[in-house]
Amino acid sequence: KLEDWAFRGCARLGAVTIQNSINAVRYSAFSSCNALKSADIPDSVVYIGKHAFSFCYAPTSVAIPKSVKFI
């Protein structure tokens, strides 16, 4: 799992590819990543925590896989 605040505030992070071994994106994991434009979320993810992508203003699209049971 990606822990709480794992990448919070990474101002230069432009794109993320989450590994297939990850099943949860925890609380505020990518919060305030102002340059984040895309996040590739694999089918292994079943949980996206509160504020996981809050204050990310640059995304052009978001694709949430059907495997996600809780956001």
Side-chain angles (χ1 to χ4, degrees):
K1 66 185 171 182
L2 285 174
E3 294 295 333
D4 295 355
W5 299 304
F7 294 96
R8 183 175 182 252
C10 291
R12 295 182 183 210
L13 186 64
V16 169
T17 300
I18 297 172
Q19 296 179 357
N20 286 328
S21 60
I22 301 295
N23 65 0
V25 178
R26 304 287 297 190
Y27 179 85
S28 290
F30 296 99
S31 178
S32 299
C33 293
N34 297 331
L36 187 63
K37 291 184 179 179
S38 66
D40 184 14
I41 303 171
D43 289 336
S44 61
V45 173
V46 295
Y47 175 88
I48 298 176
K50 189 174 186 178
H51 302 293
F53 294 95
S54 64
F55 303 105
C56 294
Y57 301 116
T60 55
S61 68
V62 175
I64 300 184
K66 291 180 181 181
S67 61
V68 174
K69 303 297 181 210
F70 178 84
I71 298 178

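- Contact record, S32 with C56: N-SG, 4.4 Å, taken as the closest heavy-atom pair.
- Residues passing the ring pair (Phe, Tyr, Trp, His ring centres under 6.0 Å) test with Y27, sequence neighbours excluded: W5, H51.
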Next on the checklist: One pair to check against side chain to side chain contact (heavy atoms under 4.5 Å, CB included): V16 and F30. What are the steps and the verdict?
Outcome noted: CA-CA 10 Å; V16 169; F30 296 99; 3.7 Å; yes

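- Pairing each heavy atom of N34 with each of A58, the nearest pair is O-CB, 3.5 Å.
- Separating the CZ atom in R8 from the OG atom in S54 is a distance of 8.0 Å, to the nearest 0.5 Å.
- Counting heavy atoms from C-beta on, the side chains of V45 and N23 never come closer than 4.5 Å.
- Distance CG/D43 to OG/S67: 5.0 Å, rounded to 0.5 Å.
- The two residues K69 and K66 make their nearest non-hydrogen contact at NZ-O, 3.7 Å.
- Counting only residues at least two apart or in different chains, salt bridge (Lys or Arg N to Asp or Glu O under 4.0 Å) contacts with residues 15-37 comprise D4-R26.
- Heavy atoms only, all atoms of each residue included: C33 and G9 are closest at SG-N, 4.1 Å.
- Checked against L36 for a side chain to side chain contact (heavy atoms under 4.5 Å, CB included), the options Y57, F53, F7 give a single hit: F53.
- Taking CG of L2 as the start and CD1 of I18 as the end, the distance is 5.5 Å to the nearest 0.5 Å.
- Hydrophobic clustering of Ile, Leu, Val, Met, Phe, Trp and Tyr side chains at less than 4.5 Å, counting indirect connections, unites V25 with V62.
- When side chains are defined from C-beta on, I48 counts as touching I41, because their heavy atoms get closer than 4.5 Å.
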